[in-house]
Trainee: 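Can you read through this structure? Questions will come right after.
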Amino acid sequence: MTEDVLSPKRRKRLHEFVQLLQVKPGSHVNLERDFAPDFKAGVKKKKDGEALLEEGIALMCEYQARLAAQENWGVLVVLQALDAAGKDGTIRHVMSGVNPQGVSVSGFKVPSSEELSHDYLWRYQRKLPARGQIGIFNRSYYEEVLVVRVHPENLERQKLPPAAKGGDVWKRRYREINDWERYLTDNGFRIVKLFLNLSREEQRSRFLRRIDLPDHNWKFSSADVQERGHWDEYQKAFSDVLTHTSTAWAPWYVIPADRKWFERLSVGMVLANTLVGIDPHYPKVDKKHRDALLEVKRALEAQAPKGAAADPFMEGQHNGKPPAESPA
Ligand code: AMP
Ligand code: MG
């Protein structure tokens, strides 16, 4: 693909779609009031959504290759959701076709004893993507203001000195997270935060499906049903997180999750839009480097055995004529 892979019209459409999902920095969010889990952004049919997602994935592949080649920027994708909202399936579908060498996925579960012996961001810091890479966090440091808040015994386990767990520990953590994200952004790492927003009824239906289909029994955990019992507390904790940590440098996107096809389309669009916004380019080779390459080329051509083409690649690809210079 060439540089103008995306027409200004498509770029604008992509941007407008993604804006519908963004939590405006500074807004006060009430999840249930402000974001519908079955929102479709005007995309009427699943078939249309799937076709759009394919376009989005193609775009991501191209831009990810450039990101990897340029090695200036990195992208961190933060995925948060309630159980059964489809985090794993979304990662699998949306990242299909992207070069696995450029992507890492890190999941975060209940912290280990070693992890609890460090500051709460330590274990996430260690899994950050390098420049040129896309790192996906399947759950993230946001658990530190979600599950830890809903179940305060988690905070007790963190071996904190009294001052660090006293006062408004959640407001302080929002500020620390915002500062940390700003630091990362200033250093060339874009942060994309996605909350997969599932309705209570759709979660119930998906849990039942996991029980009804024997092949899916392994996915079902009774801990998930216990967490469902804390539904309202999680809605409140998520609303607060969205209110306090959707910033100009690292905004949140609320992804409607009741329809899997729309969820995947939305995630694909947000990621494609982020990569397009970074606008990475393949590194250009300067004249000096190009001249050096041509010198090596002449030396290699001189080594052609009797009867062989001086440059078999050129011979085969372009009938012996050099290719047109790419506009890059
Ligand atoms: P799952 O991803 O559903 O297999 O489960 C991972 C579990 O680890 C979830 O129940 C999370 O709430 C829990 N978890 C993740 N991060 C933390 C954390 N920082 N503190 C306590 N529990 C956590
Ligand atoms: Mg679970």
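Numbering of ligands and ligand atoms starts at 1, following listing order.
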Trainee: Could you tell me the separation between the CG atom of Leu198 and the NZ atom of Lys260, rounded to the nearest 0.5 Å?
Mentor: 9.5 Å
Trainee: Which residue holds the protein heavy atom closest to atom 23 (C) of ligand 1, what is that atom called, and what is the gap in Å?
Mentor: Val147 CG1, 3.6 Å
Trainee: What N/O/S atom of Asp83 is the closest to the Mg ion (ligand 2)?
Mentor: OD1
Trainee: Side chain of Arg210, backbone of Asp215: donor and acceptor closer than 3.5 Å?
Mentor: no
Trainee: Please give the atom name: the N, O or S atom of Asp224 nearest to the Mg ion (ligand 2).
Mentor: OD1
Trainee: When you measure from atom 21 (C) of ligand 1 to each heavy atom in Val145, Asn154, Leu146, Asn138, which option holds the nearest one?
Mentor: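 Shortest heavy-atom distance from atom 21 (C) of ligand 1: Asn154.
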Trainee: Short list, please: which atoms of ligand 1 are under 4.0 Å from a heavy atom of Tyr124?
Mentor: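 Listed by number with element, the hits are 19 (N).
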Trainee: Using modelled atom types and a 3.5 Å cut-off, is there a donor and acceptor pairing between side-chain atoms of Ser239 and backbone atoms of Leu31?
Mentor: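 Here the side-chain-to-backbone pair exists.
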Trainee: I'd like to check Thr247 versus Thr245 (side-chain heavy atoms, cut-off strictly below 4.5 Å). Are they in contact?
Mentor: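 Result no, sub-4.5 Å side-chain heavy-atom pair not found.
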Trainee: Any idea which part of Asp83 is under 4.0 Å from ligand 1, heavy-atom wise: side chain, backbone, both or neither?
Mentor: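 For Asp83, only side-chain atoms sit under 4.0 Å from ligand 1.
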Trainee: What protein heavy atom lies closest to atom 4 (O) of ligand 1? Include the residue and the distance to one decimal.
Mentor: Lys109 NZ, 2.6 Å
Trainee: Trp180 vs Tyr124, test: ring-ring contact (aromatic ring centres under 6.0 Å, His included). Steps then yes/no.
Mentor: CA-CA 11 Å; Trp180 190 54; Tyr124 309 100; 7.5 Å; no
Trainee: Is Glu153 near ligand 1, meaning one of its heavy atoms is under 4.0 Å from it?
Mentor: no
Trainee: Heavy atoms only: which of Arg123, Lys219, Glu115 lies closest to atom 17 (C) of ligand 1?
Mentor: Arg123
Trainee: Answer yes or no: is there a side-chain heavy-atom contact under 4.5 Å between Leu59 and Val276?
Mentor: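 Yes, close enough: below the 4.5 Å cut-off.
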Trainee: List the closest protein heavy-atom neighbour of atom 2 (O) of ligand 1: residue, atom name, distance to the nearest 0.1 Å.
Mentor: Arg139 NE, 2.8 Å
Trainee: Considering only heavy atoms, does Pro111 approach ligand 1 within less than 4.0 Å through its side chain, its backbone, both, or neither?
Mentor: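 Pro111 to ligand 1: side-chain contact only, backbone stays beyond 4.0 Å.
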Trainee: With salt bridge (charged side-chain N to carboxylate O under 4.0 Å, His left out) as the criterion, how do Asp38 and Arg259 come out once you've worked through the C-alpha distance, each side chain's angles and the decisive distance to 0.1 Å?
Mentor: CA-CA 7 Å; Asp38 60 355; Arg259 291 184 186 83; 5.1 Å; no
Trainee: Determine, for Glu156 against Lys165, whether the closest basic-nitrogen to carboxylate-oxygen distance falls under 4.0 angstrom.
Mentor: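 Yes.
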Trainee: Applying a heavy-atom cut-off of 4.0 Å, say which part of Val148 lies close to ligand 1: side chain, backbone, both or neither.
Mentor: side chain
Trainee: Give me the residue, atom name and distance of the protein heavy atom closest to atom 19 (N) of ligand 1.
Mentor: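 Result for atom 19 (N) of ligand 1: Glu144 OE2, 2.9 Å.
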Trainee: Does some side-chain heavy atom of Lys47 sit less than 4.5 Å from a side-chain heavy atom of Trp261?
Mentor: no
Trainee: Do Tyr183 and Trp249 make the cut of ring centroids closer than 6.0 angstrom?
Mentor: no
Trainee: Name the closest protein heavy atom to atom 8 (O) of ligand 1, giving the residue it belongs to and the distance to 0.1 Å.
Mentor: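 Result: Val110 N, 3.2 Å.
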Trainee: Taking only non-hydrogen atoms of Tyr142, do any sit less than 4.0 angstrom from ligand 1?
Mentor: no
